[in-house]
Amino acid sequence: MQYPASKLPSVGLTIFSQMSALAVKHKAINLSQGFPDFDGPEALLKAVDKYISSGANQYAPMAGLPLLRQEIAAKIKRCYGREVDSECEVTVTSGATEAIFAAISAVVGVEDEVIVFDPAYDSYEPAITLNGAKTVHIPLLPPSFSIDWQRVIDAITPKTRMIIFNTPHNPTGTVMSEDDLKILETIVEGTDIVLLSDEVYEHIVFDGLSHQSFNRYPALAERSFIVSSFGKTYHVTGWKVGYCIAPTPLMAEFQKVHQYLTFSTATPLQAAIAEFMQSETLHDSELAGFYQQKRDFMNQHLKGSRFSIDPSAGTYFQLLDYREISDLPDQAFVVWLLENAGVATIPLSPFYADDQQTGFVRLCFAKGKSTLLQAGERLCAI
Ligand SMILES: Cc1ncc(COP(=O)(O)O)c(C=O)c1O
């Protein structure tokens, strides 16, 4: 038989799988993949046990458990001052990844254009491609990795259906400023461009900065899918529970996709998260301090290294500038680093459409102190 041609011919094994496999082979410390090596809050874990053993094991409502949607709406009000209707503007999803796919599929069609900023989280482009649309890449360049708004203005055409933002940004650890959002407001005013704001690291913003959620800006919120992930907030990435906020007309289309993509998300996990959110409001607000300590601990221990470091402004990622150490391309440098220092990191070039060489690699500091200490010692030794 002639098998169908690939719909995603340029997608291969992700760099995360490649680096993790190499890390195992070389018994290296794995700071490449973005997940914590510690568990979520005990009360949350216990609540899941309780709901599983008390029968919360059948399909949840398509849009999510009402109590969880109400808690999400309350959180948005508390954190960003926006009133959202939990009945028709909130959907619980199977991770932010599902929300991103559903949002793109809901509004992006054949021959549309979608603007993304490179380096970009790797699920955006395949979702755009599978919907028959074209990805228009705008690079974020070192050292600031900030958005060049003139390039955005120049990239917009009558075919631009959507622009995807991610703040705090993976992999660079940058955050968008109030000025950025105000400029965006003026750029999209009077257009029919839909925005997708990936805010999975919304509670991990450092040094007193505040997260510029699109929820804070009514003129943006009225045209935005805003996506977040409980995996990042509660250290439970493997649960794959996230959510999407959007105005009713956009959410109605989103739910048409969601109901045939996954229909609903694991019931006991939703029930446990809702209960935890009801009883515990400090976790979110303490998360930035928790990760800032880890960032500072890691960076303190890298002070004696030959890497140059500009502290990350958000997320649990830190970029290391290795240009003083090597002029290897980043994909070769991470392999060299792994073999010589025993630490796995992630190159940035796979997240640029044109394999841009920045001279930076990314590490994840969502790890216990002893791991960070050991990694710091190894990185200082090269
Ligand atoms: C920027 C960004 N968006 C989305 C996701 C996916 O989140 P989830 O695990 O909830 O699907 C991640 C996970 O690493 C991410 O870094």
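Numbers for residues simply follow the sequence, beginning at 1. Counting starts at 1 for both ligands and their atoms, following the listed order.
In this structure, the side chain of His137 does not engage the main chain of Ile115 through any donor-acceptor pair within 3.5 Å. Looking only at distances, a side-chain donor or acceptor of Ser305 sits under 3.5 Å from a matching main-chain atom of Leu302. Side-chain atoms of Arg161 never come within 3.5 Å of backbone atoms of Ile193 as a donor-acceptor pair (strictly under, hydrogens ignored). Checked by atom type and distance alone, the side chain of Arg223 pairs as donor or acceptor with a backbone atom of Thr191 at under 3.5 Å.
Proximity of Phe230 to ligand 1 is not established, as no heavy-atom distance is less than 4.0 Å. Within the 4.0 Å heavy-atom shell around ligand 1 one does not find Glu98.
Interface of Asn166 with ligand 1, defined as ligand atoms under 4.0 Å from a residue heavy atom, comprises 1 (C). Set against the non-hydrogen atoms of Lys232, the atoms of ligand 1 under 4.0 Å away are 12 (C), 13 (C), 14 (O). Numbered from 1 in the order shown, with element, the atoms of ligand 1 that lie under 4.0 Å from a heavy atom of Ser229 read 8 (P), 10 (O). Close approach of ligand 1 to Gly95 (heavy-atom distance below 4.0 Å) involves ligand atoms 10 (O), 11 (O).
Between Tyr124 and ligand 1, no N or O atom pair is found at a separation short of 3.5 Å. Of the N or O atoms in Asn170, one or more lie within a sub-3.5 Å distance of an N or O in ligand 1. The N/O atoms of Asp198, backbone and side chain alike, include one that comes under 3.5 Å of an N/O atom in ligand 1. Below 3.5 Å of separation, one finds no N or O of Ile100 facing any N or O of ligand 1.
With Val227, Thr97, Thr315 as candidates, the residue nearest to atom 6 (C) of ligand 1 on a non-hydrogen basis is Thr97.
Between Phe297 and His301, the two ring planes are tilted [angle within 30° to 60°]. Ring geometry for Phe290 versus Phe38: interplanar angle over 60°, hence perpendicular rather than tilted (30 to 60°).
Two different hydrophobic clusters hold Leu261 and Phe263 under the rule that ILVMFWY side chains link at heavy-atom gaps under 4.5 Å.
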